[in-house]
Amino acid sequence: MVATEQYVGSPVLRKEDAKLLTGQGNFVDNQSMAGMVWMALVRPPHVHATIQSIDTAAAASMPGVVGVYTAADLETAFPAALPMVWPITEDIKIPTHWPLTKDKIRFAGDAVAVVVAETREQAEDAAEMVTVSASDLPAVTDLEEAATDEVVIHEDLGTNVVVHWSHGGGGDQSVFDSAPVIVQERFTQPRLIPNAIEPRGCLAYGSPAAGEFTLVSATQIPHICRVGLSIATGVPQSKLRIIAPDVGGGFGSKLNVYAEEALALALTRSIGRPVKWIETRPENYVATIHGRGVLHDCTLAGTEDGEIQGMKFVELADMGAYFQLLTPGIPELGGWVYMGPYDTKAYWYEFKGIITNATPTDAYRGAGRPEATFVIERLVDAYARRIGMDPADVRRKNFLPPSAEAFASVMGLSIDSANYEPTFDRALELAEYDQMRKEQQARRDRGDTKQLGIGLSSYIEMCGLAPSEILGALRYVAGGWDAAEIECRPDGKVVVRTGTSPHGQGHETSWSQIVADGLGVTPDDVEVLHGDTSVSRLGMDTYGSRSASVGAEAVARALEKVRAKARTIAAHELEVAEDDLEWTDGAFRVSGAPDKARTIPELAASAWHAHALPADMEPMLEGTAVWDPPNFTWPGGTHICVVEVDTETGKTDIMRYVAVDDCGNVINPMIVEGQVQGGVAQGVAEALYEEALYDESGNLMSSSMTQYLVPTAVEIPSITQDRTVTPSTTNSLGVKGIGEAGTIASPPAVVNAVIDAVSHLGVSHIDKPASPERVWRAIRDAQGGAA
Amino acid sequence: MTNVSVTVNGQSREADVEPRTLLVYFLRETLGLTGTNVGCDTSTCGSCTVLVDGESVKSCTMLAAQADGRDVTTIEAMAHGDTMHPIQDAFHRNHGLQCGYCTPGMVMAAASYLQENPTPTEEDVREALEGNLCRCTGYQNIVKSILDAAGSMSGAPETTRA
Amino acid sequence: MIPAAFEYARAESIDHAIELLGGADDAKILAGGHSLLPLMKTRLAQPSLLVDISRIGDLSYVREDGDMVAIGALTRHHDVANSELLQQVAPIVADTASRIGDPQVRHVGTIGGSIAHADPAGDMGTVMVALGAQFAISAAAGATRTVAAGDFFQGLFQADLAANEVLTEIRVPKTSGGWSYLKFNRRAIDWAMVGVAAVQQNGSAAVALTNMGETPLRAAGVEEALAGGADPATASARADEGAAPPSDAFGSAEYRREVSKVLVRRALEETLG
Ligand SMILES: Cc1cc2nc3c(=O)[nH]c(=O)nc-3n(C[C@H](O)[C@H](O)[C@H](O)COP(=O)(O)OP(=O)(O)OC[C@H]3O[C@@H](n4cnc5c(N)ncnc54)[C@H](O)[C@@H]3O)c2cc1C
Ligand code: FES
Ligand code: FES
């Protein structure tokens, strides 16, 4: 059928939904195989300890147990340790990270043994029977304490301070001494637990005789996993297939190459039976990466009348006990946006990465950029308070000027396009900013128990990872390209293979909108395949809001190749020159004789039977593109939060939340809005509820969903949304990326609002999350200790 | 072993299971009904919500033996052939799901709740979902979906996407 | 996570339950399982036998009994919350039940299990203490006894209830005056960080606290102050007298003390008008 509708830009309902809504999702835990055995890991109740002995005998004799393995038993299974692919400096010290630890336990998730048994229950029962004798060492989970090296966690490295990266600065650094106003603040941001609702899990199987293996894994990155797991297990990439089935959310937590994946592969290779592992939630809390965990000393240099002259940030970042895939690179990812949307003259950013006795940190939704945006936006508010200006006026005064073209920024990279003020104005309008200020004043005048606060957050982010050349310069070991293949079947249907690996983002729908427009078919005619290295051969997967700007752009480029070939065939069949054809109403038509036409389905059939193709043309109407972007993309926007704070208990309720984002052109507004809603919810959670708390001995206190406060529908507000559109100059689609914007923008908007609500009581600082107790303490302290 | 006999989605199913078998694993592993998910192990997330005698229950916090002789409905029985249940349809039309992992639990919780209160307000719906976590959607479109479903199930005009 | 293995038996009657319980060393009653199973899944509890009492007929009811209302131990939170009788004559009980856990929990968890579990963060125990409820307990050889709520809670997860006894009925007095149960938590699904139950009683009020010690606590200082004519604002300053609140991921003991004062004042304002 010939479609004339324009699909890109409209809220096409998702193709993904039907199976997920009816319980037909294909999550890894839904898969089982004949002969399958279960794997359970032994994670002893130690945080930092030297292992004396591991007794597996009792476990090995339990019913159903196939084997119990320690690092010593698997010595030959792993030719290399687990990969870390971002050695950001030349002198970075890299802790060796084996799937099972050998000599020492360095964090609560460090596994010492793995049990394989016939059933899930038997594996769990036997894992309990493995006894480990280990002598405890002092545990350090505090960043500054770890940085003193009083307790060194990896003796071979000689220090916990394993990396120091400096941006090197931009602009005139003398303003930090000479500016009329210098604001200095210190901000801590706790560790966060990503909490995809589907825990991790994997199923490994294959043929030891053929040396071929497949790993089905709840991962965001099948293609990168293939490379990483090949290194760790020695299975050549050509014999290793990774399948990401339906994946129940990731947020960065499944952007990794994990010990359990390597173990399942190694064990299926040695046992010859399919091996399955499903993470429990408490296990997820210690063994899956955490995010954030940073401490910033910040300086803002400015004038008395609100002109920002310099911004400087010195960070300590908690790496955890080992590096996971990208650990040391995460702070650096933020290192390019510490000026926010502001036209600062001077820029400085550096960080030190510190090893601690806690779960490794890595990319959690936003990865580096929320950390940056939080401190910038808190600092700007502190500056506004200092000089007695409205925080909205300070922001407006300092925005970078609009530009439809890419332009150089003080931090050294080029920004693809910018227009921040209209976005800002729209947010103020939707939030009824002036009216809210009046309401706030009225409540202050009345001395109400419940006070109103208004918080602003203007942000930019760097996403669309990434130009391979820049990644190379930043010492990332892989590239940032992505790929797409489009295959037009003779029945008029189209198969698209994308290198992105969605897990909730709706790529099947969005990509098919692009293809439908380009080929004159409907989105339902297009099947988008992904998440299997044997199906989508080429790709770099889904993270860093890269899928649209890199992956969808690859689809658009493959589409151009298909259309070019189709045009050649059409011209050949219609016996006209290619230039005489125009694309109208979903078909190539002869100019002036629109009835002489060929649709893509017709041309696909011609190319398939190949009975009469132009000379030298290969059969099949298909096209492949591998796209390496020339630049990042740089979305931006302003979020405004209005809160009500109970000044007696410190409890905050969100009254209103406005998000106005500019992510360039939009393929599917419904999906874009959904991404922002989910992102904001995660940011609100970060601002008010969530933190991974450790006790003095380094044990995680917030060790399950009952103590780690993932908010419910009661706490999360409905938000008011709008967009402005400043197309990206990085790609032909003009898209920028929206997966992380909500999480990047919202934490400072909310925390600024909470502080604003009680600032008249003398409060100028509250740490994140702004829990009722923290707010109550801040008020009490500001009032001189009398609550 | 203990004998469990349950009516699941209208069919009577029987099996000998270990007493410790949780209803969710009985459904998923003994009966192969994998639509019901497990998300938390602490009775918090609601991914595992099914109906027992028509009411929402966290199937990870009930022994299969406790469900013996009772009537269990899972997500697999909500649609009739190609026709989705109005709640499922509303989730589709309102983009009430992203990764879809929490979704079966959300749909079942909503089904139970709308029987108790067919004409809820937004606040009612939010409170009714206090036992179901979603990490993707920020709940906004889930709440919208359920309000929309309530409208269409009670015959009122459907609210369309804003 | 899966509980460690155990035996399972279904009791046909209260006496049968008591007999079964006597037959194993570490047998446990299973009512709704919504406190017990989460503990068993983490393997913090590993009973060898579960005696499922949920099928015993006639332990799920709410009925008038003179000046009292009798509630069967197996009555689910959902049914307590929706009992028209309770809504009319002991509304604090119905309202509190409607705020326990979430709808799914309320569809399974029972009032008897809630009370027997003696969790200091549980809501119902506090309300029972404020109301001066009576608990009927059956023991071996057909023996029965009645315990006042104020005497029942003995320590952390410890009640005046032997391993082979069954709590069968909860009796609460009808109330006619004001009441309030305030539950302070971070998330809707969380247990009370602090809870306050207040019930009007001949011009004054009975006040009890949730999660301010190892058991539900009577706020004796507040009650004394009220009896002495103090207004809510003054009386509430004594809310944490004798309390020993925990410090945990939700809040410090110091903070809980302060919150208890604010909540007691607010609860009293609601209760006493
Ligand atoms: C996610 C979640 C959230 C919750 N939130 C709250 C909350 O906010 N507030 C709150 O108060 N509660 C909360 N609860 C607990 C809930 O109220 C439980 O239902 C209740 O505590 C136990 O009731 P049950 O019938 O499930 O008892 P079970 O779990 O079956 O039993 C609990 C204990 O009591 C014993 N027992 C049970 N019945 C009897 C009896 N008749 N005689 C003698 N002993 C008996 C059992 O042996 C066991 O030791 C929550 C539970 C969950 C899972
Ligand atoms: S899996 Fe049952 S509540 Fe989370
Ligand atoms: S849609 Fe992913 S958890 Fe709800």
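Residue numbering restarts at 1 for every chain, and letters A, B, ... go by the order of the sequence lines.
Contacts of T61(B) with chain C are made by both backbone and side-chain atoms, with heavy-atom separations under 4.5 Å. For L63(B), the parts lying near chain C are the backbone and the side chain together; criterion is any non-hydrogen pair under 4.5 Å. Heavy atoms closer than 4.5 Å to chain B are found nowhere in L36(C), neither backbone nor side chain. Using a 4.5 Å cut-off between heavy atoms, S112(B) contacts chain C through its side chain alone, with no backbone atom that close. In this structure, no portion of D53(B) lies under 4.5 Å from any heavy atom of chain C. In this structure, no portion of Y113(B) lies under 4.5 Å from any heavy atom of chain C. In this structure, the portion of R76(C) lying under 4.5 Å from any heavy atom of chain B is its side chain and not its backbone.
Side-chain contact check for D148(B) and S145(B): no donor-acceptor pair (N or O, by modelled atom type) lies under 3.5 Å. Between the side chains of T210(C) and Y181(C), at least one donor N or O sits under 3.5 Å from an acceptor N or O.
When C60(B), G69(B), G46(B) are compared by the number of non-hydrogen pairs under 4.5 Å with chain C, C60(B) comes out ahead. Residue with the most contacts toward chain B among R106(C), R10(C), E7(C): R10(C) (heavy-atom pairs, distance under 4.5 Å). The most heavy-atom pairs under 4.5 Å with chain C, out of E116(B), M62(B), M1(B), E127(B), come from E116(B). Note: H107(C) leads H107(C), R187(C), H78(C) in heavy-atom pairs under 4.5 Å with chain B. Between chain C and the residues R126(B), M108(B), Q66(B), the most heavy-atom pairs under 4.5 angstrom are made by Q66(B). Of the listed residues P103(C), G33(C), A188(C), S54(C), the one with more heavy-atom pairs under 4.5 angstrom with chain B than any other is P103(C). Taking chain C as the reference chain and counting heavy-atom pairs below 4.5 Å, the highest number among A65(B), A109(B), S43(B) is found for A65(B).
Heavy atoms of other residues, nucleotides or ligands lying less than 6.0 angstrom from CD of E123(B) number 12 at most. Dense packing is recorded around CD of E269(C), with more than 12 heavy atoms of other residues, nucleotides or ligands lying under 6.0 Å away. Atom NZ of K28(C) has 12 or fewer neighbouring heavy atoms from other residues, nucleotides or ligands inside a 6.0 Å radius. Heavy atoms of other residues, nucleotides or ligands lying less than 6.0 angstrom from CG of D82(B) number 12 at most.
The CE atom of M106(B) sits 5.5 Å away from the OH atom of Y139(B) when rounded to the nearest 0.5 Å.
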Item to check | Stepwise side chain to side chain contact (heavy atoms under 4.5 Å, CB included) check, D16(B) with T2(B) | outcome: CA-CA 5 Å; D16(B) 287 327; T2(B) 186; over 6 Å; no
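Contact record, A198(C) with I92(C): O-CD1, 3.9 Å, taken as the closest heavy-atom pair.
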